[in-house]
Chemist: 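Can you read through this structure? Questions will come right after.
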Amino acid sequence: MGTTFALLGAASAALFAGVGSAIAVGRAGQAAAGAVTEDPSLFSKVLILQLLPGTQGIYGLLIAFIALGRIGIMGGTLPGDDVALGLSYFAACLPMAVVGLISALQQSKASVAAIALVEKRPDQFGKAMIFPAMVETYAILALLISILAINGIPA
Amino acid sequence: MSDKQYIYAVARIRAKEMHLLTGGFMEQLIAAKSPGECLQLLLDKGWGDGQVNGVDRFEEILSIERKKTWDLMDELMDDLSPFDVFLYSNDYHNLKAAIKEVCTGTDYEGIFISQGTIEPEVIFKAIEERDYSLLPERMRPVAKEAFDTLLHTRDGQLCDIMVDKAALEAIYEAGYATKNPILSLYGELTVVTADLKTAVRAQRTGKDMAFLKKSLAPCKTLDINALMAAAVDSFDAIIKYLSSTKYADGAEELKKSPSAFERWGDNLIIRAIRPEIHHPFTLGPLAAYVLARENEIKTVRIVLSGKINDMPEDSIRERVREMYV
């Protein structure tokens with residue numbers, strides 16, 4: 001049971017953050033395609049804005065790897081029937097899973113708006129990038145807490 | 001429908017908005033020394049198809065611009081039906097034209113407008129053969145009633161007001177049916193401005209309550225009973241009623257001149273849609289773009305007609321509408 005909870009935590013981090021990023025990158029991709037249809041020279045600029053909400057998926061993957069390593073799935077001792085230990089891993093992965101999902105979806109909205117900004121004022125690309133990047137802060141904070149929590153669980 | 005997202009389409013519209021005419025450009029048009037210079041400014045801006053040229057063919061250039069807008073919408077949207085609200089007025093115009101042609105047995109060249117939800121030929125056939133089932137359900141009763149009225153009374157104005165009222169009701173219902181705020185607002189404001197214009201015209205020509213009842217379409221933001229009562233009373237009563245509504249600023253324009261009031265009505269719609277310039281996901285920016293294009297085509301027509309008829313710059317300027325961008 002302990003192993004199951006621990007695995008559920010690792011899978012959630014990869015799953016929810018990944019789903020969030022997939023939807024978000026898809027959404028920003030539609031806007032980027034619209035922008036490039038009208039002005040192909042914007043490709044490199046809008047590509048960066050499209051990729052910004054993709055990072056949550058990577059953070060989720062990172063947390064899943066760390067958790068799996070600590071749990072012992074990739075070699076080591078499994079939590080076995082230690083439910084408290086399993087739940088601890090589950091709880092430690094939650095920040096990345098939940099914040100990853102929500103921040104990716106919200107960041108995609110900022111990215112779509114930033115793509116519109118770049119379409120109208122290509123010279124303001126630097127400023128346009130800052131708006132979606134602000135949302136990234138919260139994904140990074142969640143990543144940090146998940147890493148600290150996983151590493152803080154006594155093996 | 002209101003939840004559907006149009007991210008790709010809106011991104012393309014954002015780029016297209018860069019090519020809309022601005023207030024500054026309109027000033028340039030007004031300041032042009034001749035209609036030819038005016039037209040050249042538009043051609044330089046990319047208007048027309050590069051082949052049609054000449055002041056005498058400016059209506060063709062405007063038609064090309066209108067077609068460009070609708071071709072773009074056709075490309076961007078799987079289903080254009082939410083925009084029926086913009087096209088119904090053309091359908092009902094064609095209905096009036098068909099009724100008049102059939103009743104008088106005269107062929108008026110160029111009377112039909114091609115951009116509608118129903119082909120003009122279908123409308124004409126329905127009237128000619130009295131086969132109203134060819135028409136959409138909403139149009140059948142008014143088509144029959146207006147045709148019979150014109151046939152029996154020969155009162156063209158009565159026929160027109162019947163069809164015009166039906167058109168307003170169709171636009172109003174179609175606007176709210178989309179559940180899109182911008183299209184609902186368009187439906188509402190179209191009825192409001194049309195009702196106010198009709199009420200003023202009826203008051204000036206001394207029409208009675210029966211006429212007003214046949215002409216004014218109901219809407220949410222005007223009490224048409226109060227408006228009708230004011231219209232049979234006096235011009236000042238209309239001003240007083242209008243001042244008590246949310247459209248109080250229109251009362252000032254109404255006092256100035258009919259053209260100032262008409263301009264106020266168009267500006268009201270453009271101001272209402274302007275926030276759409278910042279919305280990234282919904283149908284709103286597409287609808288706003290269509291309205292913005294229609295508005296600039298109308299304004300260019302006003303300026304060019306003014307130039308062709310040697311109107312003074314100030315007279316043209318007071319008729320020029322606000323631009324979306």
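Convention: sequence-line order gives letters A, B, ...; per-chain numbering from 1. Keep in mind the model is a prediction, meaning the values are calculated, not measured.
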Chemist: Please determine whether the number of non-hydrogen atoms from other residues, nucleotides or ligands lying under 6.0 Å from atom OH of A:Tyr138 exceeds 12.
Modeler: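 Result for OH/A:Tyr138: open.
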
Chemist: Scan chain A against chain B and return every donor-acceptor pair whose distance is under 3.5 Å.
Modeler:
from: A:Thr37; atom 1: OG1; to: B:Tyr8; atom 2: OH; distance (Å): 3.1
from: A:Glu38; atom 1: OE1; to: B:Lys16; atom 2: NZ; distance (Å): 3.4
from: A:Glu38; atom 1: OE2; to: B:Arg12; atom 2: NE; distance (Å): 2.7
from: A:Glu38; atom 1: OE2; to: B:Arg12; atom 2: NH2; distance (Å): 3.0
from: A:Glu119; atom 1: OE1; to: B:Ala15; atom 2: N; distance (Å): 3.4
from: A:Lys120; atom 1: NZ; to: B:Glu17; atom 2: OE1; distance (Å): 2.5

Chemist: With ring pair (Phe, Tyr, Trp, His ring centres under 6.0 Å) as the rule and sequence neighbours excluded, what pairs involving residues 6-65 of chain A come up?
Modeler: none

Chemist: Of all heavy-atom pairs between B:Ala11 and A:Ala31, which one has the smallest distance, and what is that distance?
Modeler: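 For B:Ala11 versus A:Ala31, the nearest heavy atoms are CB-O, 3.2 Å.
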
